[in-house]
Amino acid sequence: MILTRCRRIQELIVILMFAVTWCLPTLGQSSSEEKAYVPVLPSVKAKFWKIDPALGYAVKNVGGGVYVISDNMWQSAFLVTDDGVIVFDAPATFGKNIPSAVAQLTDKPIKILVYSHIHKDHIGGSAAFKNIKGLQIVALQSVADFLKEMNDPNRLLPNVTFQSSKTITLGGKTVELTRHFYHSNEGDLFIYLPQAKFMMAVDCVTPGYAPFYGFDITTNFHEYLKMFDELSAYDFDTFAGGHLTDIGSKKDVEMTKEFTYDVYNTVKRIHNNLNQEAVAAEAAKTVGADNEFALFKAVLDRVADDSVRELQQRWIDRLAGVDVWLPSHVWTALIYVRWDDKE
Ligand SMILES: [Zn+2]
């Protein structure tokens, strides 16, 4: 009896093992679309930071008193000077840990917090700085206006504002802040630390990767196109883009520029050479000649599809995540080419 039961259990275990093995290839893949993505490039994977899961972030000394903090998804940074510490952004994920991360490395107090732009993923952890006495929160006036209107308890209000540029000096160190509009409506900062040859510009370049959705959800692709040369005009060795798995250098800015201009020029060429009437006439056979929105969509879809097909071949082995976001980049470029650009 006992033997029989044992055998039954053994049989059951064997059946379960087969079931698990059979199911394994589908685990972690919620759709056929996800299955289709190429793996992250090994060269990029090799640069993932080692994050202590108990801590949730890691800190890297990049020289000149500058430290970058990352959880492999968001980045912020801080500058240690003889007279205190300046923090750049407080992401929603690990912002609460920044004061203790700073205290691990210096006994100097945090004196200034700088906001790169309004987005809550980058500054939504600032509430952790609420009790720091005399803290200056520095941001563009346009950023302060937005945050005042939003009245979000997770994003402390700036108390030092400026219009287009500001130089901060503390403990003999200099921080140059300049306003740009490459990504967010209310403005984005270049945060430049000349002594450390360090540049932080959030949401434009993600070293090793294609930009995030629609060229970093830019609200101004025209300014985004100009941003690369504006960045390259600075003398820096280390670049922090606010996201993903590593910091970069000028080479990453140049590569993202090459990718972005390839997308733009390809979309423009395909759009301008397309026989739109022929595509619309073909579509009319199925959607009807009176459905003008559907006919127009057929034209735009053709430009987008042809562009993605051509660009993906050129970039899939050069930047990670190209297949994830390329269709969105193509649409951002297409809107610009069709409505803003000259012929
Ligand atoms: Zn952003």
Side-chain angles (χ1 to χ4, degrees), residues 57 68-78 87-96 98 113-129 137-158 161 164 177-192 199-228 230-231 239-248 252-253 256-257 259-260 319-321 324-325 328-329 331-333 335-336:
Y57 64 89
V68 175
I69 318 178
S70 173
D71 60 1
N72 270 337
M73 194 63 192
W74 281 269
Q75 294 169 344
S76 99
F78 58 91
V87 176
F88 308 103
D89 281 353
T93 50
F94 63 79
K96 60 181 182 300
I98 294 176
L113 171 63
V114 175
Y115 288 167
S116 66
H117 67 295
I118 61 152
H119 284 167
K120 57 189 174 188
D121 57 327
H122 292 280
I123 62 169
S126 62
F129 292 64
I137 302 181
V138 178
L140 287 167
Q141 183 59 49
S142 45
V143 165
D145 291 344
F146 176 92
L147 293 175
K148 207 167 173 189
E149 199 173 303
M150 188 55 69
N151 194 26
D152 176 1
N154 292 319
R155 285 175 278 183
L156 298 183
L157 290 182
T161 61
S164 59
L177 307 174
T178 48
R179 181 188 61 185
H180 295 263
F181 288 102
Y182 59 81
H183 145 262
S184 156
N185 265 335
E186 293 73 21
D188 315 286
L189 291 185
F190 283 2
I191 298 166
Y192 179 55
M199 172 62 88
M200 182 167 170
V202 172
D203 291 337
C204 53
V205 173
T206 35
Y209 295 82
F212 174 59
Y213 182 96
F215 289 111
D216 271 300
I217 55 171
T218 181
T219 57
N220 193 332
F221 189 58
H222 187 63
E223 289 295 321
Y224 191 92
L225 286 169
K226 293 194 287 185
M227 166 269 300
F228 299 102
E230 290 166 352
L231 272 178
F239 176 84
H243 277 292
L244 289 180
T245 48
D246 200 19
I247 42 182
D252 296 292
V253 175
T256 310
K257 178 188 173 181
F259 171 73
T260 303
L319 290 169
V324 180
W325 298 126
S328 69
H329 299 325
W331 271 96
T332 296
I335 290 165
Y336 178 73

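Both ligands and their constituent atoms are indexed starting at 1 by order of listing.
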Requested in this report: Quick one: report the N, O or S atom of Asp203 that is nearest to the Zn ion (ligand 1).
Outcome: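 For Asp203, the N, O or S atom at the smallest distance from the Zn ion (ligand 1) is OD2.
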
Report task. Could you check which N/O/S atom of His119 is closest to the Zn ion (ligand 1)? Result ->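 His119's closest N, O or S atom to the Zn ion (ligand 1) is named ND1.
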
Query raised in the report: Can Asp216 and His183 be counted as having a side-chain donor-acceptor contact under 3.5 angstrom?
Result: no

Query raised in the report: Can you name the nearest heavy-atom pair linking His122 to Gly242, along with the distance?
Result: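 Heavy-atom minimum between the residues: CE1-O, 3.5 Å.
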
Query raised in the report: Quick one: side chain to side chain contact (heavy atoms under 4.5 Å, CB included) partners of Thr245, sequence neighbours excluded?
Result: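 Side chain to side chain contact (heavy atoms under 4.5 Å, CB included) check on Thr245 returns Val44, Phe48, Asn72, Tyr209.
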
Query raised in the report: Taking both backbone and side chain into account, is any N, O or S atom of His117 nearer than 2.8 Å to the Zn ion (ligand 1)?
Result: yes

Query raised in the report: Do any N or O atoms from the side chain of Ser126 and from the backbone of Asp89 form a donor-acceptor pair under 3.5 angstrom?
Result: no

